[in-house]
Protein chains: 2
Amino acid sequence: MKQTGQKSRPAIDQLESVFKALADKTRLRILALLGNNEVCVCHIHDTLELPQPTVSRHLAYLRRAGLVDVRRDGVWMHYQVARSLPPTAQTVLNAAVEALTGVRTTEEDRKQFERAFGQLYVMSTPAGGACCAPRA
Amino acid sequence: MKQTGQKSRPAIDQLESVFKALADKTRLRILALLGNNEVCVCHIHDTLELPQPTVSRHLAYLRRAGLVDVRRDGVWMHYQVARSLPPTAQTVLNAAVEALTGVRTTEEDRKQFERAFGQLYVMSTPAGGACCAPRA
DNA sequence: TCACTATATTCGCCTAGACGAATATTATGG
DNA sequence: CCATAATATTCGTCTAGGCGAATATAGTGA
């Protein structure tokens, strides 16, 4: 029995939505940066060097499409790639993220991230520390 | 050395194009119907029960995006899913087609195809025979 | 060369969604 | 409660691309 409350749309429509969400360079870069980790919004837009509203808008799109999950932590929002989509959609999403990891642009984004915030992804808010350093 | 004449765009842009091409229900149904086979345009639009210009327009989009290859055979055009995209794009395309095969709508499209045109996909023009029967 | 068929393209209209700029919201620390 | 910082939303504008209807193009066979 399917979970109650899930007005499961036809799978073809689900897939269409997933691909629409993937059909934008900025969103692809965001998803690639998320990878298997949880990343804070400020780190995303610092790394990608995009205006904050732009990042926020694309994150909202990804959220509405169900491709990312959010966790609030005080003032900060931590995003990660969704892990419990309907199987077919999840498969496609995983394949996309996987494919993205080999791409030049996303590799450079990751390097930029490490250069700016340390060599590892932030798995949670540093205890008692600020997430976003007031860099400039 | 990369092949000459290929003005290889950045991989991230290639992927974006692929996902844009996949971001439409009609195109997804077409790609799923093609699967591993070569299918004639008339069979596509008879099967999907979509207006011929609609099918043609979407095929044109897929062609421009490089997701399908065409073979002309007299009056008929036979399409198949592309097989020699840049590796990353090809991987994504394959994953998409693969994911689509399990989807209800596309299964029904295939059944409809078989009901109308025989139990197997047309691999080439039937020798001497018309591709599209003047059904109605 | 002409009619016919399969396929492709064009046109006008309309909506989704991208962008930058501005503004609103939410949580925290004083 | 206020100021501030992080994040989100709204607004106006612009373009890609969807659709149906009409039309163009390209092979084929007489």
Side-chain angles (χ1 to χ4, degrees), chain A residues 13 16-30 38-65 67-79 117 122 125-136, chain B residues 13 16-17 19-30 38-65 67-79 117 122 125-126 128-136:
Chain A
D13 295 318
E16 188 190 24
S17 298
V18 170
F19 286 124
K20 276 190 203 301
L22 294 171
D24 179 275
K25 187 165 155 176
T26 301
R27 289 196 289 270
L28 291 180
R29 289 176 71 200
I30 291 176
E38 204 187 31
V39 181
C40 175
V41 171
C42 56
H43 287 161
I44 298 176
H45 90 260
D46 278 3
T47 300
L48 304 187
E49 296 185 290
L50 293 167
Q52 177 267 323
T54 296
V55 171
S56 196
R57 185 159 10 95
H58 286 290
L59 285 170
Y61 193 121
L62 290 170
R63 226 187 309 126
R64 282 192 295 267
L67 267 58
V68 296
D69 293 325
V70 210
R71 180 177 62 89
R72 159 153 258 149
D73 178 32
V75 184
W76 302 285
M77 303 293 275
H78 299 267
Y79 284 80
F117 308 111
V122 178
T125 312
C131 179
C132 304
R135 268 261 161 205
Chain B
D13 294 319
E16 188 191 22
S17 299
F19 286 123
K20 275 188 203 302
L22 293 172
D24 179 275
K25 186 163 154 177
T26 301
R27 291 197 288 272
L28 291 180
R29 290 176 71 200
I30 292 175
E38 205 188 30
V39 181
C40 176
V41 172
C42 55
H43 287 163
I44 299 174
H45 89 260
D46 278 4
T47 300
L48 303 186
E49 297 185 290
L50 293 168
Q52 176 267 324
T54 295
V55 170
S56 196
R57 186 161 6 96
H58 286 291
L59 284 169
Y61 193 120
L62 290 170
R63 226 188 308 125
R64 282 193 295 268
L67 267 58
V68 296
D69 293 326
V70 210
R71 181 177 60 90
R72 156 153 261 147
D73 178 34
V75 184
W76 301 285
M77 304 294 274
H78 298 267
Y79 283 81
F117 308 112
V122 178
T125 312
C131 179
C132 304
R135 268 259 161 212

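Each chain gets a letter, A, B and so on, in the order the sequences are listed, and its residues count up from 1. Quick note: numbers below take in every heavy atom, side chains included, and nothing from hydrogens, waters or symmetry partners.
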**Request:** Please figure out whether B:Val55 or A:Asp24 has its closest DNA chain C nucleotide nearer the 5' end.
**Result:** B:Val55

**Asked** Of A:Tyr61 and B:His45, whose closest DNA chain C nucleotide lies nearer the 5' terminus?
**Response** B:His45

Specify the separation, in whole Å, of atom [atom1] of [X] and atom [atom2] of [N].
{"X": "B:Ile44", "N": "C:dA8", "atom1": "CD1", "atom2": "P", "answer": "9 Å"}
{"X": "A:Asp46", "N": "D:dA5", "atom1": "CG", "atom2": "P", "answer": "15 Å"}
{"X": "A:Trp76", "N": "C:dA27", "atom1": "CH2", "atom2": "C1'", "answer": "10 Å"}
{"X": "A:Arg71", "N": "D:dA6", "atom1": "CZ", "atom2": "P", "answer": "17 Å"}
{"X": "A:Leu28", "N": "C:dA18", "atom1": "CG", "atom2": "P", "answer": "11 Å"}
{"X": "B:Arg29", "N": "D:dG18", "atom1": "CZ", "atom2": "P", "answer": "15 Å"}
{"X": "A:Asp13", "N": "C:dA16", "atom1": "CG", "atom2": "C1'", "answer": "16 Å"}
{"X": "A:Ile30", "N": "C:dA18", "atom1": "CD1", "atom2": "P", "answer": "11 Å"}

**Message:** Tell me whether the side-chain N/O atoms of B:Ser56 come closer than 4.0 Å to OP1 or OP2 in C:dA6.
**Reply:** no

**Request:** Please check the phosphate of C:dG17 (OP1 and OP2 only) for any side-chain N or O of A:His58 closer than 4.0 Å.
**Result:** no

**Asked** Do A:Leu67 and A:Leu22 come close enough that some side-chain heavy atom pair is under 4.5 Å?
**Response**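 With C-beta onward as the side chain, the pair touches.
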
**Prompt:** Does some side-chain heavy atom of B:Tyr79 sit less than 4.5 Å from a side-chain heavy atom of B:Ile30?
**Reply:**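 No, side chains not in contact.
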
**Message:** Quiz question: going by heavy-atom distance under 3.5 Å, is there a donor-acceptor pair between the base of D:dA6 and the side chain of A:Gln52?
**Reply:** no

**Message:** Treating B:Arg63 as the side-chain partner and B:Ala65 as the backbone partner, does any N or O pair qualify as donor plus acceptor under 3.5 Å?
**Reply:** no

Just compare [options] and give me whichever is closest to any side-chain atom of [X].
{"X": "B:Val75", "options": "D:dC19, C:dC19, D:dT28", "answer": "D:dT28"}
{"X": "B:Arg57", "options": "D:dA6, D:dG18, C:dG20", "answer": "D:dG18"}
{"X": "A:Thr54", "options": "C:dT7, C:dC19, D:dA8", "answer": "C:dC19"}
{"X": "A:Leu59", "options": "D:dC19, D:dG17, D:dA8", "answer": "D:dA8"}
{"X": "A:Pro53", "options": "C:dT7, C:dA21, C:dT28", "answer": "C:dA21"}

**Prompt:** B:Arg72 near the nucleic acid: base, sugar-phosphate alone, or nothing, with a heavy-atom cut-off under 4.0 Å?
**Reply:**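 B:Arg72: backbone/sugar contact only, no base atoms under 4.0 Å.
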
Identify each donor-acceptor pair in which a side-chain atom of residues 49-60 of chain A lies under 3.5 Å from a protein atom, sequence neighbours left out, and give them as a table.
unit_1	atom_1	unit_2	atom_2	d
A:His58	ND1	A:Arg27	NH1	3.1

**Asked** Atom CG of A:Asp24 and atom CZ of A:Arg29: how far apart are they, to the nearest 0.5 Å?
**Response** 10.5 Å

